[in-house]
Amino acid sequence: MSDHRATGVLAALLTAPLVLGVLAAAPAGATPQLPGKSLTCRGQGVDPDARVRYRTQTFIHAPLRTIWKLQTDVARWPSWQPSVTTAQRLDHGPLRSGSAFRWTTPVPPNPSTPATRLEITSTVRQLEHDSCIRWTGPAIGAGLRIDGVHVWNFAKVRGGVLVRTEETHTGAQVDADVPTATRILRDGLEAWLRDLRTAAEAGDHDGRN
């Protein structure tokens, strides 16, 4: 792919970020791109060689069971994440190691690329109930492929839950413009945390029904 084409694809994704498809300000309480060791789940983390990476966290004033249910009930993601247009489990039962799911997010047209849709197929590699999740998988659209590794950590703290997340992306298109790709990833993860916080604090999936 030419540099011009890669830049155009990244411009399209900047309009609708890969991870969520929404550009948004960081949610209150978010702490972006933290120093220190990468997040892990059962000893496994993100891609150590990836040039595109982002880590952030936020505090959510809600029970851990509520947050965990929202995050792991993949089929219902579109009900609280506006830019997840479809989400389908490819297996049944509680989310667990080996579970797979397919979800989509639109990429609107821009001067360089036509409208397209990213289809993301994620496979859970590690999971510890109420503690952590790690999944991997490709995001594929017209002329575009990005391979991602995503880790989530959840920890009870006074008054709620600290949610931490880290993700890496690799692929020719993102590696062609690392600063832009990192900004896309940042915006998507911050939006995901914002939406998770909003839904959890509103009491969605609170486990009492």
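Quick caveat: nothing in here was measured; it's all calculated off a predicted structure. Heavy-atom basis, side chains included; hydrogens, waters and symmetry copies ignored.
In this structure, a donor-acceptor pair under 3.5 Å is present between the side chains of Thr85 and Thr104. A donor atom on one side chain and an acceptor atom on the other are not found under 3.5 Å apart for Thr198 and Trp80. For the residue pair Arg134 / Gln126, a side-chain donor-acceptor distance below 3.5 Å is found, with atom types taken as modelled. Between the side chains of Thr56 and Glu190, at least one donor N or O sits under 3.5 Å from an acceptor N or O.
Of all heavy-atom pairs spanning Pro63 and Val161, the tightest one is C-CG2, 4.2 Å. Across all non-hydrogen atoms, the minimal contact from Glu166 to His150 is O-CD2, 3.3 Å. Taking every heavy atom of both residues into account, Val74 and Ala87 meet most closely at O-CB, 3.3 Å. Nearest heavy-atom pair across Ser38 and Val46 is OG-CG2, 4.1 Å. When all heavy atoms are compared, the tightest approach of Asp49 to Asp47 is N-OD1, 2.9 Å. Considering every non-hydrogen atom in both Leu127 and Ser97, the closest pair reads CB-N, 4.3 Å.
Atom CD of Glu167 and atom CZ of Arg53 lie 11.5 Å apart (nearest 0.5 Å). Here Gln88 contributes atom CD and Thr121 contributes atom OG1; the two are 9.5 Å apart, rounded to the nearest 0.5 Å. If you take CZ on Phe59 and CZ on Arg158, they are separated by 10.5 Å, rounding to the nearest 0.5 Å. To the nearest 0.5 Å, the span separating CG on Leu162 from OG1 on Thr58 amounts to 8.0 Å. Gln173 CD to Thr180 OG1: the interatomic distance, rounded to the nearest 0.5 Å, is 13.5 Å. The OG atom of Ser79 lies 7.5 Å from the CG atom of Asp73; values are rounded to the nearest 0.5 Å.
A heavy-atom distance below 4.5 Å is found between the side chains of Gln71 and Ile133. Using a 4.5 Å cut-off on side-chain heavy atoms (C-beta onward), Thr165 and Trp192 make no contact. Two residues are said to be in side-chain contact when any heavy atoms from C-beta on lie closer than 4.5 Å; Arg102 and Ile120 fail this criterion. Between Thr105 and Arg117, every side-chain heavy-atom pair lies at or beyond the 4.5 Å cut-off.
In this structure, the ring of Trp152 has its center no less than 6.0 angstrom from the ring center of Trp68.
Remark: the backbone N or O of Val178 is paired with a side-chain donor or acceptor of Thr182 at under 3.5 angstrom. Using a distance-only test at 3.5 Å, with no hydrogens or angles considered, a donor-acceptor pair links the side chain of His61 to the main chain of Gly159. No side-chain donor-acceptor contact under 3.5 Å links Arg51 to the backbone of Val174.
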- Message: Under the criterion side chain to side chain contact (heavy atoms under 4.5 Å, CB included), I'd like the reasoning laid out for Leu144 against Ile140: C-alpha separation, chi angles, the key distance, then a yes or no.
- Response: CA-CA 6 Å; Leu144 172 66; Ile140 298 173; over 6 Å; no
query: Where do Asp147 and Thr170 land on the side chain to side chain donor-acceptor pair (under 3.5 Å) test, with the steps shown first?
result: CA-CA 5 Å; Asp147 289 293; Thr170 57; 4.6 Å; no
I'd like to know whether Ile67 forms a side chain to side chain contact (heavy atoms under 4.5 Å, CB included) with Val163, so could you lay out the CA-CA distance, the side-chain angles of the two residues, the decisive distance to 0.1 Å, and finally the verdict.
CA-CA 9 Å; Ile67 299 165; Val163 179; 4.1 Å; yes
**OP:** Could you please spell out the steps behind the side chain to side chain contact (heavy atoms under 4.5 Å, CB included) verdict for His169 and Val149?
**Re:** CA-CA 7 Å; His169 288 170; Val149 182; over 6 Å; no
Next on the checklist: Quick one, Trp103 with Ser122, criterion side chain to side chain donor-acceptor pair (under 3.5 Å). Give me CA distance, side-chain angles, the key distance, then yes/no.
Outcome noted: CA-CA 8 Å; Trp103 49 295; Ser122 300; 3.2 Å; yes
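Contact check on Lys156 versus Asp130 returns no salt bridge, with no Lys/Arg side-chain nitrogen under 4.0 Å from an Asp/Glu carboxylate oxygen. Here Asp195 does not pair with Arg197 in a salt bridge; the nearest charged N to carboxylate O distance is not below 4.0 Å.
Under a hydrophobic-cluster definition in which Ile, Leu, Val, Met, Phe, Trp and Tyr are linked whenever side-chain heavy atoms come within less than 4.5 Å, directly or via other members, Val124 and Leu39 are assigned to different clusters. Using a 4.5 Å cut-off between side-chain heavy atoms of Ile, Leu, Val, Met, Phe, Trp and Tyr, with links allowed through other members, Ile146 and Leu118 fall into the same hydrophobic cluster. A continuous path of Ile, Leu, Val, Met, Phe, Trp and Tyr side chains, each step under 4.5 Å between heavy atoms, connects Leu95 with Phe154, placing both in one hydrophobic cluster. If you chain together hydrophobic residues whose side chains sit under 4.5 Å apart, Leu70 and Ile60 fall into the same group.
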